[in-house]
Structures are given as C-alpha cells and as structure tokens.
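For reference, the structure discussed in these notes is given below.
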Amino acid sequence: MTTTPEATITRDPAGRGTARWSDICSYADLIPERGVCAMVDGVQVAVFRVYDGALYALSNLDPFSGAYVLSRGILGTRDGTPTVASPMYKQVFDLRTGACLDDPRVALPAFPVRRAGDRVEVALTDEHRQ
C-alpha cells in the first residue's frame with residue numbers, strides 16, 4: 001500500500017466540491033491487469049491498470065465481505081464493460097462506475113484517476129475524505 005502525503009487541490013468541474021489530486025505512483029509501477037492499494041486521505045483506494053492502458057480507481061472495500069481486498073481482485077470484462085471480481089465472494093463490479101453487476105442495489109465509490117506525465121493521481125472529493 002502506498003501513502004500519499006502530497007496533494008494538488010482543484011475545483012471539481014461537476015460542481016461536487018473541491019477535488020484533491022493525490023500522487024499515487026509511477027504509471028510504470030502498475031502492472032497491466034493488476035491492482036494496487038493506496039491510502040489517500042484516510043481512504044483505501046484500489047487503482048487498476050488494464051491492458052489497453054486505461055486507469056480506474058474504486059474503493060478498496062468489498063461491501064459483501066467487509067474486507068479491504070478489491071485491489072487484489074480479478075480483472076476482466078462483462079459484455080464489453082471493464083470489471084473487477086472480488087477475491088472474496090466473486091461479486092463483479094464495473095470499473096468505470098463502481099456498480100455491482102451481480103446486485104444492482106450495491107455500488108462502490110469510484111474516484112477520478114488520471115495520468116500526469118509518468119505519475120498516476122487519484123482525486124477524492126470532500127464527500128469521500130475521512
């Protein structure tokens with residue numbers, strides 16, 4: 001797990017408050033089709049890099065087991081949707097939105113993630129900070 005003490009603060013263009021961009025790691029440190037966990041402002045964030053190079057960030061908390069394990073999940077696709085399956089009970093989540101594809105009542109927080117040069121950054125809005 002990576003801790004991220006430095007952050008860049010920007011205004012969220014969607015009007016949801018202030019977004020704080022936090023440096024996570026080098027893009028090259030992320031192995032395609034794998035996830036990593038980073039602690040950002042007290043929140044465990046699972047960051048994923050898929051084969052096409054796209055980045056996604058979700059809460060690391062598996063809501064079905066209560067364990068912080070999603071960064072160790074299995075990446076794949078379902079009907080063209082990039083997904084991660086929990087390593088605990090195998091529920092599948094949409095990497096883009098955090099929605100559980102096996103139970104529409106459940107969704108994980110999904111965080112903005114970007115590549116800034118060789119660095120990967122994740123933003124938490126005020127509502128997600130602890």
Side-chain angles (χ1 to χ4, degrees):
M1 179 173 1
T2 303
T3 57
T4 56
E6 296 181 24
T8 303
I9 299 172
T10 59
R11 189 84 182 140
D12 182 356
R16 293 177 294 210
T18 304
R20 179 182 295 215
W21 289 96
S22 297
D23 182 73
I24 302 299
C25 63
S26 165
Y27 181 78
D29 288 342
L30 297 176
I31 299 170
E33 298 298 307
R34 294 274 178 96
V36 298
C37 179
M39 182 69 79
V40 181
D41 289 338
V43 177
Q44 286 196 31
V45 178
V47 180
F48 302 97
R49 175 181 170 187
V50 297
Y51 265 124
D52 68 4
L55 297 168
Y56 300 97
L58 300 175
S59 169
N60 195 38
L61 177 63
D62 174 0
F64 294 97
S65 68
Y68 289 90
V69 295
L70 281 181
S71 61
R72 296 175 184 242
I74 301 163
L75 297 181
T77 60
R78 186 181 281 181
D79 298 326
T81 300
T83 61
V84 60
S86 170
M88 296 298 284
Y89 302 126
K90 309 300 186 251
Q91 283 85 6
V92 175
F93 298 90
D94 184 331
L95 284 172
R96 300 169 304 176
T97 65
C100 180
L101 301 180
D102 298 321
D103 185 341
R105 298 171 299 168
V106 178
L108 300 171
F111 307 108
V113 59
R114 70 183 180 189
R115 189 172 172 185
D118 182 42
R119 305 300 298 174
V120 174
E121 297 178 336
V122 171
L124 297 185
T125 58
D126 293 336
E127 66 185 279
H128 292 113
R129 288 192 199 108
Q130 292 185 348

Give a yes or no on whether [X] and [Y] share a hydrophobic cluster (residues Ile, Leu, Val, Met, Phe, Trp, Tyr; joining criterion: side-chain heavy atoms under 4.5 Å apart).
X	Y	result
V40	L55	yes
F48	V92	no
L58	Y56	yes
V84	L108	yes
L30	V122	yes

Between [X] and [Y], which heavy-atom pair has the shortest distance, and what is it?
X	Y	value
C37	S71	CB-OG, 3.6 Å
G73	P87	CA-CD, 3.7 Å
A57	V45	CB-CG1, 3.9 Å

- Item | Residue of the set L61, N60, L124 for which side chain to side chain contact (heavy atoms under 4.5 Å, CB included) holds with V43 |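 Exactly one pass, corresponding to L124.
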- Which is it for V113 and I24 under the side chain to side chain contact (heavy atoms under 4.5 Å, CB included) test, yes or no, and what are the steps along the way? CA-CA 10 Å; V113 59; I24 302 299; over 6 Å; no
- Query: L75 versus P82: any side-chain heavy-atom pair under 4.5 Å?
  - Reply: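 They are not in side-chain contact.
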- Task: Taking the side chain as every heavy atom from C-beta outward, state whether F93 and P63 have any atom pair closer than 4.5 Å.
- Result: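 Side chain of F93 against side chain of P63, heavy atoms only: contact under 4.5 Å found.
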- Item | Any pair counted as side chain to side chain donor-acceptor pair (under 3.5 Å), so long as it reaches residues 82-92, sequence neighbours left out |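 Sorted pair list: D62-S86.
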- What pairs of residues pass the side chain to side chain donor-acceptor pair (under 3.5 Å) test when at least one of them lies in residues 25-35, not counting sequence neighbours?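 Sorted pair list: S26-D118, Y27-R49.
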- Message: Please determine whether side chain to side chain contact (heavy atoms under 4.5 Å, CB included) holds for the pair F64 and V106, giving the CA-CA distance in whole Å, both sets of side-chain angles, and the decisive distance to 0.1 Å.
- Response: CA-CA 9 Å; F64 294 97; V106 178; 3.8 Å; yes
- Query: What residues, two or more places apart in sequence or in another chain, satisfy side-chain hydrogen bond (donor to acceptor under 3.5 Å, both in side chains) together with R115?
  - Reply: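 Testing R115 for side-chain hydrogen bond (donor to acceptor under 3.5 Å, both in side chains), a comparison that skips the adjacent residues, returns none.
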